[in-house]
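Report on one structure; see the data block that follows.
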Amino acid sequence: MSNKIVLITGATSGIGEASAKLLAKYKFKLIVCGRRKERLKRLVKQLGKQTDIISLSFDVRNKDEVSSSFSTLPGHWNDIDILINNAGNAHGLAPVQSGNLDDWDAMIDINVKGLLYVTRAVLPGMVEKSSGHIINIGSIAGKEVYPNGNVYCASKHAVDAINNGMRIDLIAYGIKVSQINPGLVETEFSQVRFKGDKARSAAVYKGFQPLVAADIANLIHFIITRPAHVNISDMVVLPVAQANATIVKKDTIIMR
Ligand code: NDP
Ligand code: 8X3
């Protein structure tokens, strides 16, 4: 049971959606965000039976849209206690010499700048009350680099640096900053990476048991329910079949 207000970016799918569903069960008040309004509407209707929930639809890449969306938050909904910076994706998987420039822009703009814009909109309220918790969803790709992952890995390395920088800057205000770095989680992630190529994205998760979005949601719940003096600063979580960013034991051991 909680009265805390949690804002989740990227709640229309995967890790964000699973987190909204789990936190609704524990009665956290939710602000769910994403671009796909129909999905947000459905989620609000479904989870509204369990908890107080509203949605905000904006593209994290658009800083004006981010700040104007936050300015529409009614009354007490501005008093956000927990921010889950989850929105993000990989776009493409290509060697740097033939990388697609639009894919590069998307990854830097969404995964890095978008995370910053949302954080900047939420932080004044947390600073004012000297309390709050930010959970950044990084990746094993923010700890290591893998072939053809160049710019996605760079964007998640940036999240890693921003996560550590936030913790330093916000220590004076008692604001907790935590990061979860998952390995392979079966969500819509690979469908986005491979631009809707279902066969190619399904192949990523074949031959081993990947993590599922609920695994990460459970960790988020664990992190935000630690005692007030405890902060889980950084966590790497992999499927048992994954040794690191490049080695996955499928039918044989695959180096990707
Ligand atoms: P999904 O593709 O299932 O979900 C991505 C979410 O991000 C969607 O809700 C999408 O909402 C939102 N999003 C994407 N672009 C934007 C945008 N421009 N503006 C607003 N929202 C956006 O992937 P996951 O759940 O797997 O990914 C969630 C996070 O986890 C990402 O940061 C990803 O990098 C990270 N991660 C994923 C791993 C995996 O293997 N799946 C492993 C490690 C980290 P909408 O399209 O409605 O805007
Ligand atoms: C997503 C996991 O290994 O596909 O961040 O980059 S990976």
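Basis for what follows: all heavy atoms, side chains included, without hydrogens, waters or symmetry-related copies. Note that ligands are numbered from 1 as they come in the structure, with each ligand's atoms numbered from 1 the same way.
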Any idea which of [options] brings a heavy atom closest to [atom]?
atom: atom 18 (N) of ligand 1; options: I140, T187, D59; value: D59
atom: atom 5 (C) of ligand 1; options: S19, G10, G88, G14; value: G88
atom: atom 38 (C) of ligand 1; options: S139, P239, G183; value: G183
atom: atom 30 (O) of ligand 1; options: V66, I137, N111; value: I137
atom: atom 43 (C) of ligand 1; options: S155, C33, P182, A87; value: P182

> Any Lys/Arg nitrogen of R36 or E188 sitting under 4.0 Å from an Asp/Glu carboxylate oxygen of the other?
Replying inline: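 Salt bridge: yes.
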
>> Do the side chains of E17 and K21 get close enough for a salt bridge, i.e. N-O under 4.0 angstrom?
In response: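 Between K21 and E17 there is a salt bridge, with a charged N closer than 4.0 Å to a carboxylate O.
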
Hydrophobic cluster identity match, [X] and [Y], side-chain contacts under 4.5 Å:
X: V60; Y: I8; answer: no
X: L219; Y: Y26; answer: yes
X: M235; Y: L211; answer: yes
X: V66; Y: I162; answer: yes
X: L115; Y: V151; answer: no

Suppose we measure from [atom] to each protein heavy atom; which comes out shortest, and what is that distance?
atom: atom 34 (O) of ligand 1; answer: Y152 OH, 2.7 Å
atom: atom 25 (O) of ligand 1; answer: I15 N, 2.9 Å
atom: atom 1 (P) of ligand 1; answer: S13 OG, 3.5 Å
atom: atom 46 (O) of ligand 1; answer: R35 NH2, 2.9 Å
atom: atom 40 (O) of ligand 1; answer: V185 N, 2.9 Å
atom: atom 29 (C) of ligand 1; answer: N86 O, 3.0 Å
atom: atom 19 (N) of ligand 1; answer: V60 N, 3.0 Å
atom: atom 10 (C) of ligand 1; answer: T12 OG1, 3.7 Å

Kindly confirm or rule out an N or O of [X] lying under 3.5 angstrom from an N or O of ligand 1.
X: G34; value: no
X: V192; value: no
X: N89; value: yes

Short list, please: which atoms of ligand 2 are under 4.0 Å from a heavy atom of [X]?
X: A141; answer: 6 (O)
X: Y152; answer: 1 (C), 5 (O), 6 (O)
X: Y146; answer: 3 (O), 4 (O), 6 (O), 7 (S)
X: S139; answer: 1 (C), 2 (C), 5 (O)

> Is a side-chain donor or acceptor of N218 paired with a backbone partner of A214 at a separation under 3.5 angstrom?
Replying inline: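 It does hold such a pair.
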
For [X], take its heavy atoms, then give the atoms of ligand 1 lying under 4.0 Å from any of them.
X: E188; answer: 2 (O), 3 (O)
X: G138; answer: 43 (C), 44 (C)
X: L184; answer: 40 (O)
X: F58; answer: 19 (N), 20 (C)
X: R36; answer: 8 (C), 10 (C), 11 (O), 45 (P), 46 (O), 47 (O)

Tell me which part of [X] gets within contact of ligand 1: side chain, backbone, both or neither, using heavy atoms under 4.0 Å.
X: Y117; result: neither
X: A11; result: backbone
X: K156; result: side chain

>> Checking Y146 against Y152 for the ring pair (Phe, Tyr, Trp, His ring centres under 6.0 Å) test, could you report, in this order, the C-alpha distance in whole Å, the side-chain angles of both residues, the deciding distance, and whether it holds?
In response: CA-CA 10 Å; Y146 54 81; Y152 178 67; 7.0 Å; no

>> Taking side-chain contact (heavy atoms from CB on, under 4.5 Å) as the criterion, tell me which of L30, I54, I80, D81 meets it with L7.
In response: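 So, applying the side-chain contact (heavy atoms from CB on, under 4.5 Å) to L7 and each of L30, I54, I80, D81, only I80 qualifies.
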
>> The criterion is side chain to side chain donor-acceptor pair (under 3.5 Å); which residues satisfy it with D234, sequence neighbours excluded?
In response: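 By the side chain to side chain donor-acceptor pair (under 3.5 Å) rule, D234 matches K143, Q179, N181.
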
> Do you see a donor-acceptor pair shorter than 3.5 Å between the side chains of N85 and T119?
Replying inline: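 Their side chains do contain a donor-acceptor pair, which is all the 3.5 Å distance test asks for.
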
>> Is a donor from one side chain sitting under 3.5 angstrom from an acceptor on the other, for S233 and N231?
In response: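 Note: S233 and N231 side chains miss the donor-acceptor criterion.
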
>> Between V96 and W104, does the side chain to side chain contact (heavy atoms under 4.5 Å, CB included) criterion hold? Intermediate values first, please.
In response: CA-CA 10 Å; V96 73; W104 292 359; 3.9 Å; yes

>> Between D79 and K129, is the side chain to side chain contact (heavy atoms under 4.5 Å, CB included) condition met? List the steps.
In response: CA-CA 9 Å; D79 190 14; K129 63 182 174 181; 2.7 Å; yes

> Touching ligand 1 at all, I110? Heavy atoms, strictly under 4.0 Å?
Replying inline: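 For ligand 1, residue contact (heavy atoms, under 4.0 Å) with I110 is present.
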
>> Any heavy-atom pair between the side chains of T225 and F28 that's under 4.5 Å?
In response: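 A side-chain contact exists here, since the closest heavy-atom pair is under 4.5 Å.
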
>> Using the salt bridge (Lys or Arg N to Asp or Glu O under 4.0 Å) criterion, which residues pair with R226? Sequence neighbours excluded.
In response: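 With sequence neighbours excluded, R226 shows a salt bridge (Lys or Arg N to Asp or Glu O under 4.0 Å) to no residue whatsoever.
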
